[in-house]
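What follows is a set of notes on a single structure, which appears directly below.
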There are 2 protein chains.
Amino acid sequence: MVRRISIDERAELLPEPPVAELTLTTVLAALADPVRLTLLRVIADAGDGPIDCGDCAAAAPDITRSESTISHHYKVLRDAGITRTHKQGRHRIIEIRRGDVEARFPGLLDAVLAAPGPGA
Amino acid sequence: MVRRISIDERAELLPEPPVAELTLTTVLAALADPVRLTLLRVIADAGDGPIDCGDCAAAAPDITRSESTISHHYKVLRDAGITRTHKQGRHRIIEIRRGDVEARFPGLLDAVLAAPGPGA
DNA sequence: CACATCGTTCGATGAGCGTCGAAGAATCAC
DNA sequence: GTGATTCTTCGACGCTCATCGAACGATGTG
């Protein structure tokens, strides 16, 4: 279980789409990847975050991908509107936009995260 | 609304994966396409089928794709385990495997089909 | 039988994705 | 400042995907 941390006042919010612009196909496409699903589950296990991106990736030892690939996946999740990311010093703080996703696609995230995951 | 039809005894069942082999990423990937989502909604509107594949495609006038492309999308849905298809004479009869999908991924199909769809 | 109907299969094409290593940017520690 | 840490960006690579038209197969109709 990854430790939750708090977001500093001076942390910068990385660009993300507003709730109303979340599209179903984009969200589903973002969820349809085993690496991203694994990362999301780590965050969900930590109460949806916020957690350190580095801790998140390290908490999933079955993910054997380069740092640039992981960074790419974080961006896909963020661009889809599923996660929110703040940059805080050298670290990135990530959390699930549970309320936003739930408001637009009720039940979707629960169903996906509760489902037998990748490799199950 | 498309008319439901019955499946003949002699109709041949097209190959499909058993319930236990449905994978989350495959199902999500199959759902993450606007054309397939539209087709699925037509079937869902007809009580999950069974309906004629031709009627199904014709009931979605916003889908402007060739016949071969539509056929491809039906196959993706079938291979993912979301739909079941019987061939009956010259026609194909399609239905949603609601129980199977629900058993493996509870709430997923409801959430996706109830969500504001492609173009909404 | 010949012909039409319904759908699949077969290349082919162009776009996009997941992946990597190398280079870059920003921040912290000394 | 120098150097280490943390993550992003930048090509590049191979692969998959959505799409099409043309050809094919199977079935029904005359």
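Below, chain A is the first sequence line, B the second, and so on; all start at residue 1.
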| task | By nearest nucleotide on DNA chain C, pick out whichever of A/Lys87 and B/His91 is the more 5' one. | result | B/His91

| note | From NE2 of B/His86 across to P of C/dT8 the rounded distance in Å is 14 Å

| said: For a quick test of reading the model: is some side-chain N or O of A/Arg90 closer than 4.0 Å to OP1 or OP2 of C/dA25? | reply: no

| With sugar-phosphate meaning primed atoms plus P, OP1 and OP2, does A/His73 contact a base, only sugar-phosphate, or nothing at under 4.0 Å between heavy atoms? | sugar-phosphate

| query | Any luck finding a side-chain donor-acceptor pair between B/Ser68 and B/Ser71 under 3.5 Å? | reply | no

| remark: When rounded to whole Å, the CD to P distance for the pair A/Glu67 and D/dT6 reads 9 Å

| query | Any N or O donor-acceptor pair linking the side chain of A/Ser68 to the base of C/dG21 at under 3.5 Å? | reply | yes

| message | Heavy atoms only, 4.0 Å cut-off, all strands: where does A/Thr64 land among base, sugar-phosphate and nothing? | response | sugar-phosphate

| So among A/Glu102, A/Arg78, A/Arg104, A/Glu16, which one has a side-chain contact (heavy atoms from CB on, under 4.5 Å) with A/Arg97? | A/Glu16

| To the nearest angstrom, how far is B/Gln88 atom CD from C/dT8 atom P? | 14 Å

| Whole angstrom value for the distance that separates P of D/dA18 from NZ of B/Lys75 | 13 Å

| With side chains defined as the heavy atoms from C-beta onward, is the minimum distance between A/Leu31 and A/Leu40 less than 4.5 Å? | yes

| query | If only side-chain N and O atoms of B/His72 are considered, is one of them under 4.0 Å from the OP1 or OP2 phosphate oxygen of D/dA18? | reply | yes

| query | Within the modelled atom types, does a donor on one side and an acceptor on the other bring the side chain of B/Ser66 and the base of D/dG21 under 3.5 Å apart? | reply | no

| said: Using a 4.0 Å heavy-atom cut-off, does B/Asp55 contact any base of the nucleic acid, only the sugar-phosphate backbone, or nothing at all? | reply: nothing

| said: So, OP1 or OP2 of D/dT19: does either fall under 4.0 Å of a side-chain N or O from B/Thr69? | reply: no

| task | Using a strict cut-off of less than 4.0 Å between a Lys/Arg side-chain nitrogen and an Asp/Glu carboxylate oxygen, indicate whether A/Asp110 and A/Arg98 qualify as a salt bridge. | result | yes

| said: Measuring to OP1 and OP2 of D/dT19, would you say a side-chain N or O of B/Arg65 lies under 4.0 angstrom away? | reply: yes

